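As the structure lists them, so they are numbered: ligands from 1, and atoms in each ligand from 1. These numbers come from a predicted model, not from an experiment.
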Amino acid sequence: MDNIKSYVGQHKDRFINELVELLKIPSVSADSAYSQDVINTAEAVKESLEKAGCEKVELCETPGYPIVYGEKIIDPNLPTVLVYGHYDVQPPDPVELWTSPPFEPVIKETELHPEGAIFARGACDDKGQMYMHVKALEYMTQNGNLPCNVKFMIEGEEEVGSPSLSWFVERNQEKLKNDVILISDTGMISNTQPSITTGLRGLSYVEVEVTGPNRDLHSGLYGGAVANPINILAKMIAQLHDENNHITIPGFYDKVEELSREERDEMAKAPFSLEAYKRALDIDDVYGEATYTTNERNSIRPTLDVNGIWGGYTGEGAKTVIASKAYAKISMRLVPDQDWKEITDLFTKHFESIAPKGVKVKVTPHHGGQAYVTPIDSIGYQAAAAAYEESFAVKPIPVRSGGSIPIVALFEKELKSKTIMMGFGLDSDAIHSPNEHFGIFNYLKGIETIPLFYKHFTEMSK
Ligand code: BES
Ligand code: MN
Ligand code: MN
């Protein structure tokens, strides 16, 4: 513990500078205009792993962006930790809402980060958190105290649903063999109350298109006499929730895991201030499914949300028009034991069935994945808990997150191992939003905590 603390203390400026350099490359996987930058980022990650003492580091070609793989096997009889992370980032838009350019990292203080935070797209999700593992490996190889084997698998398509990673995992089961998967791509409650993410929600993401007349029409000459696709789409979307904010799709809740009163009471013990939550978002009240608390609504309950809606005239001034088409992008966050493909089908059938005569409806599925819950009695969880307790001097709390890392359920299916999610970000770090940032404290604390996980995991595996 003292060792790693002093190593981080000695090298922290370099650790920060290296991350800043990585954040300068705009590895936006969703936008093909950035494809060379995404590839350059993979190269940079590969080099960083080599410098950190990783062996057999390679860029594994896939139908999409390359996967950076590397390993350090010290003894085949010792346990193996597989580290997963992603080097791609979300698009930065709306760029005008950033206080500094998204790919020109700067360090600024915030209320929750008095030691400063690095502002840049990907600072927290996930370049900063992924790079903590590279630096933790550097410490362990430099100081000769890597206690077990390690493999790295860093992908470049997480933010677009990991299409190539499933391809890669299915074809490389032997290479990826491990005893536990370790990910830092989630958050914790606060810098004084660490938590370990024990659950992720699943996801079904679809796009809908409503078509009315075969061309845009004069809204005076035709208005009132033909179905307006935008009006209809709005009506259809409104029907997807009832007055209790339950989702109305038949069969949607059939497989939803209901937590017991005891489990819900246990969850409610995690520190949370509704007032602070509302204040941070400038809202006068929260909103959601009846009979559930805010923390239940955003973790153990499924949701349906419109992520974008468009159609018709949105330019300057007014144009009198009835559009031919209207569109929306809709995400459904799922919980155990909903099946994302089944939910996608249920949605499609229902959405088609509620369309009135006079319009045509098309539903196009994008991507999805299953929810995931990791047990807290596993060696992996216990080792993570011991690591946090040692570095923060506070026992971490298990927390189910509302976010999704769809590939985690697939890891369990294909590689038969549990995933431990040691996240060091805060919900307020604005991932996917303008002004994403990652606290310097969090970054360095992550680097300090990770080697302790290796130590405890190896000891507990004996
Ligand atoms: N790292 C996030 C997921 C996350 C963040 C989980 C915080 C828990 C806490 C990941 O990069 C992400 O954004 N996932 C997407 C899904 C993906 C298929 C685009 C998500 O949750 O929207
Ligand atoms: Mn992420
Ligand atoms: Mn993300």
Side-chain angles (χ1 to χ4, degrees), residues 23 27-31 38 41 45 64-65 83-93 102 120-133 153-166 182-190 194-207 270 295 298-300 302-308 329-335 340 344 365-374 398-411 419-434 436-438 442 446:
L23 290 167
S27 51
V28 180
S29 51
D31 186 344
V38 182
T41 308
V45 172
Y65 288 121
V83 176
Y84 162 80
H86 61 97
Y87 64 80
D88 65 321
V89 302
Q90 282 279 322
D93 57 88
R121 173 56 87 227
C124 178
D125 184 13
D126 179 43
K127 282 177 177 164
Q129 297 214 67
M130 175 272 291
Y131 207 67
M132 298 179 316
H133 288 268
M153 174 171 68
I154 313 296
E155 72 153 319
E157 298 180 345
E158 195 278 339
E159 299 291 7
V160 291
S162 305
S164 303
L165 189 64
S166 37
L182 184 59
I183 304 183
S184 294
D185 193 22
T186 55
M188 57 178 188
I189 293 175
S190 73
S195 56
I196 300 175
T197 302
T198 52
L200 295 164
R201 285 196 285 194
L203 182 68
S204 164
Y205 200 111
V206 298
E207 184 163 332
N295 276 336
N298 68 24
S299 64
I300 59 164
T303 64
L304 184 153
D305 277 295
V306 178
N307 293 240
K329 289 185 193 277
I330 296 176
S331 67
M332 287 163 277
R333 295 284 169 171
L334 309 176
V335 300
W340 77 272
T344 307
H366 277 282
H367 51 67
Q370 303 296 99
Y372 182 74
V373 173
T374 198
V399 169
R400 288 221 208 168
S401 171
S404 308
I405 310 177
I407 203 70
V408 173
L410 190 103
F411 288 159
T419 292
I420 304 301
M421 288 165 286
M422 294 178 64
F424 293 89
L426 300 182
D427 282 355
S428 53
D429 286 346
I431 64 171
H432 294 209
S433 302
E436 175 177 352
H437 53 278
F438 189 36
N442 303 66

Any donor-acceptor N/O pair, E155 side chain to L165 backbone, under 3.5 Å:
no
Counting N and O atoms only, with roles assigned by atom type, does the side chain of S184 sit under 3.5 Å from a partner on the main chain of M422, one being a donor and the other an acceptor?
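The answer is yes, because a donor-acceptor pair under 3.5 Å joins these two groups.
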Looking at residues at least two apart in the chain, or sitting in another chain, which of them share a side chain to side chain contact (heavy atoms under 4.5 Å, CB included) with V160?
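S29, A30, E157, P163.
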Contacts of N298 that satisfy side chain to side chain contact (heavy atoms under 4.5 Å, CB included) - sequence neighbours left out
R201, Y277, T294, N295
Return the closest protein heavy atom for atom 17 (C) of ligand 1 as residue, atom name and distance.
E158 O, 3.7 Å
Counting non-hydrogen protein atoms only, what is the nearest one to atom 15 (C) of ligand 1? Give residue, atom name and distance.
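Looking at atom 15 (C) of ligand 1, the protein heavy atom closest to it is S404 O, 3.6 Å.
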Any chance the side chains of E158 and Y87 put a donor and an acceptor closer than 3.5 Å?
no
Any donor-acceptor N or O pair under 3.5 Å, side chains K127, S27
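Their side chains do contain a donor-acceptor pair, which is all the 3.5 Å distance test asks for.
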Residue-ligand contact [X]/ligand 1, heavy atom below 4.0 Å:
| X | result |
| --- | --- |
| D126 | no |
| I431 | yes |
| R333 | yes |

Heteroatoms of the protein, restricted to N/O/S, which lie under 2.8 Å from the Mn ion (ligand 2)
H86 NE2, D125 OD1, D185 OD1, D185 OD2
ring-ring contact (aromatic ring centres under 6.0 Å, His included) partners of Y131, counting only residues at least two apart:
none
Evaluate the ring planes of H366 and Y205, with Trp represented by its six-membered ring, and classify them as parallel (under 30°), tilted (30 to 60°) or perpendicular (over 60°).
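It falls in the perpendicular class, over 60°.
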Mark up the atoms of ligand 1 that fall under 4.0 Å of a heavy atom belonging to H86, in ascending order.
11 (O)
N/O separation below 3.5 Å, D185 to ligand 1
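Yes, there is a polar N/O contact under 3.5 Å.
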Can you tell me which N/O/S atom of H432 has the shortest distance to the Mn ion (ligand 3)?
NE2
